Every structure is written in C-alpha cells, then in structure tokens.
Amino acid sequence: MELKILDKTFVPYISAQEINKEIQRIATNLHENLKDEIPVFLVVLNGAFMFAADLLKYYTAPAEVSFVKLASYQGTTTTGNVTQLLGLDVDLTNKHVVIVEDIVDTGTTITALQQLINTHKVKSLQVATLFFKPEAYKQNVTINHIGFSIPNKFIVGYGLDYNKQGRNLPEVYQIK
Ligand code: IMP
Ligand code: MG
C-alpha cells in the first residue's frame with residue numbers, strides 16, 4: 001500500500017519482520033565482540049530511538065545506555081553541518097562505546113560524533129547502524145555493524161522521518 005506524507009509518496013520497502021531479524025543478528029554480533037565488557041550504548045536521537053529500543057532488548061548482558069541529539073537534515077537533504085542539540089552527559093573514559101544510529105548517509109553526523117567521542121579516552125568505539133547508503137558515504141569512519149545497505153533513495157519509518165513525520169511506522173517505506 002502506498003503511503004502519502006505531506007507532498008511525497010512512499011512505497012513499502014522493508015517489513016517489520018525483516019528489520020527484526022537483522023537487529024537480532026546485530027545484537028548477537030555485538031555481544032560476541034564485547035564479551036564480558038560493560039559497554040555504553042550511545043543512542044543518536046531522534047532517528048535511532050526505535051532501533052535502540054529493539055536492539056537493546058536483544059542485548060541482554062549488562063550495559064549502560066545514554067543519548068545524544070544531533071541534527072544535519074532538513075526535509076530530504078543533508079545540510080552538511082551538524083548541530084549538537086543534546087550533549088554527551090556521561091564520562092566515556094575507559095568505556096567501550098557503541099554508537100547506535102538509524103542511518104549513515106553522507107557520514108557527516110557519524111564523523112562529527114566520532115570526533116566528539118575521541119575527545120574522551122575511550123577503550124573502544126564501534127558503530128551500529130540499521131541503514132547504510134554506500135553510494136552517499138563520503139567519510140572514513142568504520143561502520144562496524146550494518147542492518148541494511150540500501151540505495152541512495154530517501155526512506156521513512158522505524159524512527160526515520162520526512163519533515164518530522166513517519167517515525168512511528170513499524171516498517172520502512174522508500175520514496176516513489
Ligand atoms: P549524514 O550525516 O548525511 O550521514 O546523515 C545522517 C542523518 O540524516 C541520519 O541520522 C538521519 O537522521 C538523516 N537521514 C539520512 N538519510 C535519510 C533518509 O533516507 N530518510 C530519513 N532520514 C535520513
Ligand atoms: Mg539520525
């Protein structure tokens with residue numbers, strides 16, 4: 001079924017079931033990497049809220065969870081500069097940090113966040129993103145865990161918005 005949000009039309013792209021399967025896989029891989037360490041999951045708001053909620057339910061070992069809020073998008077295009085709307089409120093010294101992102105597109109956001117985190121002396125840093133657009137990516141930060149590599153087309157749902165709408169959809173739609 002097509003979906004209309006404001007002036008745009010979207011078509012179903014990835015089902016809730018497929019998303020769930022990839023998230024379980026990522027949680028298992030993270031646990032295999034981290035073993036008995038107690039990581040800090042750093043969730044990037046707003047988009048990653050739904051991914052983080054599901055991922056962390058599957059990551060059942062001891063962990064800390066914290067949130068940062070960054071923004072680089074307006075409408076369907078990235079603005080290239082990242083603003084920190086809600087800052088890091090935890091000391092990451094000697095911590096194993098896992099960044100939880102909804103989507104890595106040009107990589108501007110993840111690069112800015114990595115630079116921010118590297119001002120702390122962390123023990124390790126890995127990035128988990130539900131979606132990755134390889135054709136749009138222009139940076140060098142290693143993306144350790146990827147749910148879906150997707151073409152360079154705008155998507156909404158499962159945390160991702162179009163002009164603030166669509167975040168609550170349990171599945172993902174692609175722009176028509
Ligand atoms: P980047 O800084 O260009 O990598 O963009 C990252 C941010 O842009 C993500 O965290 C999203 O909030 C947003 N974004 C990128 N691509 C999409 C998309 O296809 N749909 C919705 N939001 C997107
Ligand atoms: Mg985001």
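For this chain, numbers begin at 1 and follow the sequence in order. Keep in mind it's a predicted model, so treat the numbers as computed, not measured. Both ligands and their constituent atoms are indexed starting at 1 by order of listing.
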Under 3.5 Å side-chain donor-acceptor pair for D54 and Y158: yes
Note: ligand 1 atoms sitting under 4.0 Å from heavy atoms of K133 are 16 (N), 17 (C), 18 (C), 19 (O)
Taking all heavy atoms of A27 and all of Y59, pick out the closest pair and write down the distance. O-CD1, 3.9 Å
Please state whether the rings of F10 and Y162 are parallel, tilted or perpendicular, taking 30° and 60° as the class boundaries. tilted
Should the pair E18-K21 be classified as a salt bridge under the 4.0 Å nitrogen-to-oxygen rule? no
Distance-only donor-acceptor check, side chains H96 and S124, under 3.5 Å: yes
Does L160 reach ligand 1 with a nitrogen or oxygen that is under 3.5 Å from one of the ligand's nitrogen or oxygen atoms? no
Is the closest heavy-atom distance from V156 to ligand 1 below 4.0 Å? no
Could you tell me, atom by atom, which parts of ligand 1 come under 4.0 Å of a heavy atom of E101? 10 (O)
Ligand 1 contacted by T111 (non-hydrogen, < 4.0 Å): no
Number the atoms of ligand 1 from 1 as they appear, then name those within less than 4.0 Å of a heavy atom of T108, with their elements. 1 (P), 2 (O), 4 (O)
Closest non-hydrogen atom pair between D161 and F154, with its separation: O-CZ, 3.3 Å
Could you tell me if any non-hydrogen atom of G107 lies under 4.0 Å from any atom of ligand 1? yes
Contact summary for E64 and K95, nearest pair of heavy atoms: OE2-NZ, 2.9 Å
D161 neighbourhood, listing ligand 1 atoms whose heavy-atom distance to it stays under 4.0 Å: 21 (C)
Test item, I155 contacting ligand 1 (heavy atom, 4.0 angstrom): yes
Using a 4.0 Å heavy-atom threshold (strictly under), name the region of D102 that reaches ligand 1: side chain, backbone, both or neither. side chain
